[in-house]
Amino acid sequence: MHIPDYREARTRDKRDYKRVGFTFDKSIINKYCGKKYFIKTYGCQMNERDSETISALLEQLGFTKVDDYLSADLVLLNTCSIRENAHNKAFGMLGRLKHLKNEKKSLIIGISGCMAQENSVVSEILQNYPFVNFVVGTHNLYQLPDIIDKAIKDNSQEIEVFSREGDLYEGLPVIRSNPYKAFVNIIYGCDKFCTYCVVPYTRGRERSRKKEDILQEIDGLIQDGYKEVTLLGQNVNAYGKDLYDDYNLGNLLEDIAQKDIPRIRFMTSHPWDFTDKMIEVIGKYSNIMPSVHLPVQSGSSRILRLMGRRYTRESYLELFHKIKKIVPGVTISTDIIVGFPGESEEDFLETLSLVEECKYDNAFTFIFSAREGTPAAKLEDSVSLKEKEERLHRLNEVVNYYFLENNKALEGKVVKVLVEGISEKKNMYFGYSDTNKLINFSCEKKLQPGDIVDVLIVSAKTWSLDGKCE
Ligand code: SAH
Ligand code: SF4
Ligand code: F3S
């Protein structure tokens, strides 16, 4: 049994990571043929991508996927710790699974993802959730087949969670959930330690994949007919720093842009490491989508300092306007936290005025959630929850206003859309534009998912646009 520990998880040193090729233990291939599995994924794209690997590992064990947990023999919750409500959702689901297990004793229940890296969660599972069969951490997903096999064979509770990242495994299998759009990990972990955030503890040190491994994966995706790749990392802008002296995200984007792939996206970019080279490359290549997610978190330099974000309101705005100027037609989206401990009405008004200036195309807005073990959780907080909820409401009114304004500016314009399928309502096609906007549209021609078509925008809504095929 390995139990996670945040003190160890916080450690950062310069040691090198071995890059290891993954191999599946042949003796357990297809051992569980006929059994069904269900995965529930919480949290971010990194977890979605991990779930695609978990699916592949389970299918090599012989399991078949089902969409209804009631009919599954194994239920796995791939969890997220970012805010308290993500926690609550996973524990709520565990409550439902407890009842199910009372009726179906053979049910196997497992937990993976960021909550598995939290000592308090694992302690709680040990004490109060004896019916959970296994817990596997984000650093040792490659052990999942053995852990499941052992949990089933020995009828035991297996807890294998390493506090620190170990070797970097290449060649883990994957079953992708979308045949045209793929997530490609380029860097794991985060070294930024924003004071409110659990990710550096749950995902460990920044570790870049080798450029050859990434480029090879993308070549494979192109061969398989993929149209869009999204390069993933908690902070993709730090790509390469731990591996190379003179190869960074700008170089990687450029190498990928020269391949025959129509759409390249990347997320998330921390404003701190956004280089001029990157902006230049994004502007230069038409297959790098003009859409940047640039989380600001707050418009107040005082709060940004308390958050440990390493930039000020002024330097963020300078970067924002530089990207807007150099990348033609770029849309910029953001994340904002309201109610950070000690945020005053004046601080909040600075966030509102920053939003007025940036007129974001999209924004994810959150109320600060104190995460155990992070520095911000210890700060004194005099602002009431009611006040925070009011701020969130006021902020959402402003961001929504600009979503609609920006969308209205597209009426009468033609945008390129990657077709994803037919939307349930009105029998229209749907897909995303270059700038990452959801477009519902009619078309007299028969289209296939994966087609990229020109769509004339007819009417704008806050969250989507309606159009017709040109
Ligand atoms: N690596 C990304 C963010 C990943 S988490 C970045 O730094 O940009 C996604 C978003 O969740 C963050 O941008 C932040 O807005 C929000 N978030 C993270 N921790 C939070 C917390 N403790 N309370 C509320 N929101 C939080
Ligand atoms: Fe969290 Fe900050 Fe790292 Fe983003 S950059 S994952 S907010 S610590
Ligand atoms: Fe959540 Fe972990 Fe992602 S905390 S947001 S699943 S990195």
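All ligand and atom numbering here is 1-based and tracks the order in the structure. We use all heavy atoms of the structure for the numbers below, so side chains are in, but hydrogens, waters and symmetry mates are not. Every value quoted in this text rests on a predicted model; they were computed, and no experiment measured them.
- Not close to ligand 3: Gly113, with no non-hydrogen atom less than 4.0 angstrom away.
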Could you please spell out the steps behind the salt bridge (Lys or Arg N to Asp or Glu O under 4.0 Å) verdict for Arg12 and Asp191? CA-CA 8 Å; Arg12 294 295 188 266; Asp191 287 349; 2.7 Å; yes
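- Close approach of ligand 3 to Asn47 (heavy-atom distance below 4.0 Å) involves ligand atoms 6 (S).
- For atom 7 (S) of ligand 2, the closest heavy atom belonging to the protein is Tyr196 OH, 3.4 Å.
- Only one option out of Tyr360, Phe364, Trp463 pairs with Phe403 in a ring-ring contact (aromatic ring centres under 6.0 Å, His included); it is Trp463.
- Within the listing of ligand 3, atoms 3 (Fe), 5 (S), 6 (S), 7 (S) sit less than 4.0 angstrom from a heavy atom of Cys44.
- The contact set between ligand 3 and Gln234, taken as ligand atoms under 4.0 Å from a residue heavy atom, comprises 3 (Fe), 7 (S).
- Judged by a 6.0 Å distance limit and a 45° cone about the ring axis, Lys40 is positioned over the six-membered ring of Tyr42.
- Interface atoms of ligand 1 facing Arg83, defined by a heavy-atom separation under 4.0 Å, are 11 (O), 16 (C), 17 (N), 23 (N), 24 (C), 25 (N), 26 (C).
- Each of the atoms 1 (Fe), 4 (S), 5 (S), 6 (S) of ligand 3 lies under 4.0 Å from some heavy atom of Cys80.
- Protein N/O/S atoms found under 2.8 Å from atom 2 (Fe) of ligand 2: Cys194 SG.
- Counting heavy atoms under 4.0 Å from ligand 1, residue Tyr196 touches it through both backbone and side chain.
- Proximity annotation for atom 23 (N) of ligand 1: of Pro271, Ala376, Ala377, Ser369, Ser369 comes nearest, heavy atoms only.
- At a heavy-atom cutoff of 4.0 Å, ligand 1 is contacted by both the backbone and the side chain of Gln234.
- Annotation: cation-pi geometry not satisfied between Arg394 and Phe348 (NZ/CZ under 6.0 angstrom from ring centroid, within 45° of ring axis).
- Between Glu357 and Leu317, some side-chain heavy-atom pair lies under the 4.5 Å cut-off.
- The backbone of Ile367, and not its side chain, has at least one atom closer than 4.0 Å to an atom of ligand 1 (non-hydrogen atoms only; backbone = N, CA, C, O).
- A cation-pi contact links Lys211 to Tyr247, judged by a cut-off of 6.0 Å to the six-membered ring centre and 45° from its axis.
- Listed by number with element, the atoms of ligand 3 under 4.0 angstrom from any heavy atom of Cys114 are 2 (Fe), 4 (S), 6 (S), 7 (S).
- Residue Arg309 places a heavy atom less than 4.0 Å from ligand 1.
- Residue-ligand proximity: Val199 is placed with every non-hydrogen atom at 4.0 Å or more from ligand 1.
- Judged by the shortest distance from any of its heavy atoms, Thr268 lies inside the 4.0 Å radius around the atoms of ligand 1.
- Within the structure, the closest approach of Val198 to ligand 1 does not fall below 4.0 Å when heavy atoms are considered.
- Using a distance-only test at 3.5 Å, with no hydrogens or angles considered, no donor-acceptor pair links the side chain of Asn235 to the main chain of Lys192.
- Comparing heavy-atom distances from atom 14 (C) of ligand 1 across His293, Met46, Met267, Gln297 singles out Gln297 as nearest.
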